[in-house]
Amino acid sequence: MQEALKEAQKAFEEDEVPVGAVIVYQGRVIARGHNQIERLKDPTAHAEMLSLTSATNYLGTKWLNEAELYVTIEPCSMCAGAMVLARIKSVSFGAKDPKAGACGSVINIVNNKKLNHRIKVKQGILDKECSLLLKDFFKKKRKK
């Protein structure tokens, strides 16, 4: 999660919502991403989406069955759906997202029994650090 926080810090410095993600496979970080929505003018350029694309390119496959995703905030429905489609093994996140979280807070896409894949979820990893970065970002935005 420390590595995901480093990615979130990059987003913060680029004036993006500070979300960072890394994907680990066989004990190694194989993909990194941070929000680039403003920079790319792309509403799908979430940290998770960018890291999923990077990981599938790295492994040369669309399946990430043995990969673990670490992200600083609970994934939204778009990212959670992509994680299910990629068949990621597990997701660990820091801060819950009570407005858009799709790993249990608002809806639970990653463990929906109607879908063909379910994902192990760990939450609250470095929650305080992840939350603080988001709070600082939005506090700064409100001052402008």
Side-chain angles (χ1 to χ4, degrees), residues 1-59 63-115 117-144:
M1 189 60 78
Q2 289 289 351
E3 294 300 311
L5 269 167
K6 288 178 188 176
E7 289 296 315
Q9 186 63 45
K10 288 180 190 176
F12 186 95
E13 291 165 9
E14 295 171 11
D15 204 30
E16 297 273 359
V17 175
V19 178
V22 296
I23 295 181
V24 174
Y25 177 75
Q26 296 181 343
R28 276 189 356 250
V29 173
I30 62 163
R32 299 170 178 276
H34 60 275
N35 276 5
Q36 295 185 43
I37 297 160
E38 300 303 326
R39 174 203 235 184
L40 299 175
K41 309 289 185 259
D42 179 356
T44 69
H46 289 199
E48 301 96 319
M49 299 296 283
L50 297 172
S51 63
L52 286 169
T53 299
S54 182
T56 56
N57 286 334
Y58 177 85
L59 294 174
W63 307 129
L64 298 173
N65 320 55
E66 297 304 314
E68 302 167 283
L69 173 69
Y70 294 83
V71 61
T72 56
I73 192 168
E74 181 179 0
C76 70
S77 56
M78 173 185 66
C79 295
M83 291 160 39
V84 169
L85 292 173
R87 298 183 184 171
I88 200 125
K89 179 181 178 179
S90 68
V91 60
S92 298
F93 66 85
K96 282 188 170 187
D97 186 345
K99 293 183 180 177
C103 295
S105 289
V106 176
I107 56 176
N108 194 343
I109 291 175
V110 297
N111 282 300
N112 186 312
K113 290 182 171 122
K114 292 184 178 183
L115 299 177
H117 179 72
R118 281 171 259 331
I119 299 169
K120 293 177 192 168
V121 177
K122 294 177 194 162
Q123 60 185 27
I125 314 297
L126 298 179
D127 176 36
K128 287 182 177 75
E129 294 88 337
C130 296
S131 296
L132 184 61
L133 192 57
L134 287 159
K135 287 176 186 172
D136 287 350
F137 176 79
F138 287 112
K139 195 182 296 181
K140 183 178 105 176
K141 282 291 191 190
R142 282 190 291 276
K143 284 183 182 178
K144 286 184 180 180

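Nearest heavy atom pair, residue C130 against residue G94, reads SG-CA, 3.9 Å. Closest of all the heavy-atom pairs between V19 and T72 is CA-OG1, 3.4 Å. The shortest non-hydrogen separation linking I109 to V84 is O-CG2, 3.9 Å. Scanning both residues, C79 and E48, for their nearest heavy atoms gives SG-OE1, 3.5 Å.
For the pair Y70/V24, a side-chain contact is recorded, criterion being any heavy-atom separation below 4.5 Å from C-beta on. Using a 4.5 Å heavy-atom threshold, the side chains of K89 and I119 count as separate. When side chains are defined from C-beta on, M83 counts as touching V91, because their heavy atoms get closer than 4.5 Å. In this structure, S51 and L69 have side chains that are in contact, with non-hydrogen atoms separated by less than 4.5 Å. The closest side-chain heavy-atom distance from S105 to D97 is not below 4.5 Å.
In this structure, T53 contributes its side chain and L50 its backbone to no donor-acceptor pair below 3.5 Å. Without hydrogens or angle criteria, E66 side chain to Y25 main chain gives no donor-acceptor distance under 3.5 Å. Listed for the S131 side chain is no donor-acceptor partner under 3.5 Å among the backbone atoms of K128. A side-chain donor-acceptor contact under 3.5 Å links H117 to the backbone of I88. Checking side-chain atoms of N35 against main-chain N and O of I37 turns up no donor-acceptor pair under 3.5 Å. Side-chain atoms of E74 do not come within 3.5 Å of backbone N or O of F93 as any donor-acceptor pair. Looking at K41, its side chain does come within 3.5 Å of a backbone N or O of E38 through a donor-acceptor pair.
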Subject >> Residues R32, E3; criterion salt bridge (charged side-chain N to carboxylate O under 4.0 Å, His left out); working and verdict >> reply: CA-CA 8 Å; R32 299 170 178 276; E3 294 300 311; 2.9 Å; yes
**OP:** Under the side-chain contact (heavy atoms from CB on, under 4.5 Å) rule, what do V110 and C103 come out as? Steps first, then yes or no, please.
**Re:** CA-CA 6 Å; V110 297; C103 295; 3.8 Å; yes
Original post:
Step by step, would you call I23 with E68 a side-chain contact (heavy atoms from CB on, under 4.5 Å)?
Top reply: CA-CA 6 Å; I23 295 181; E68 302 167 283; over 6 Å; no
Original post:
Given V17 and F137, is the side-chain contact (heavy atoms from CB on, under 4.5 Å) satisfied, shown in steps?
Top reply: CA-CA 7 Å; V17 175; F137 176 79; 3.8 Å; yes
Subject >> Trace of the salt bridge (charged side-chain N to carboxylate O under 4.0 Å, His left out) decision for K96 with D127 >> reply: CA-CA 8 Å; K96 282 188 170 187; D127 176 36; over 6 Å; no
Subject >> Worked verdict on L126 versus Q2 for side-chain contact (heavy atoms from CB on, under 4.5 Å) >> reply: CA-CA 8 Å; L126 298 179; Q2 289 289 351; 3.7 Å; yes
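With a 6.0 Å cutoff to the six-membered ring centre and a 45° limit on the axis angle, K143 does not count as a cation-pi contact of F138.
A salt bridge is defined here as a Lys NZ or Arg NE, NH1 or NH2 lying under 4.0 Å from an Asp or Glu carboxylate O, and D15 with K141 meets this definition.
Checking H34 against E14 by side-chain atom types alone, a donor-acceptor pair falls below 3.5 Å.
Expressed to the nearest 0.5 Å, how far OG of S92 lies from NZ of K120 amounts to 10.5 Å.
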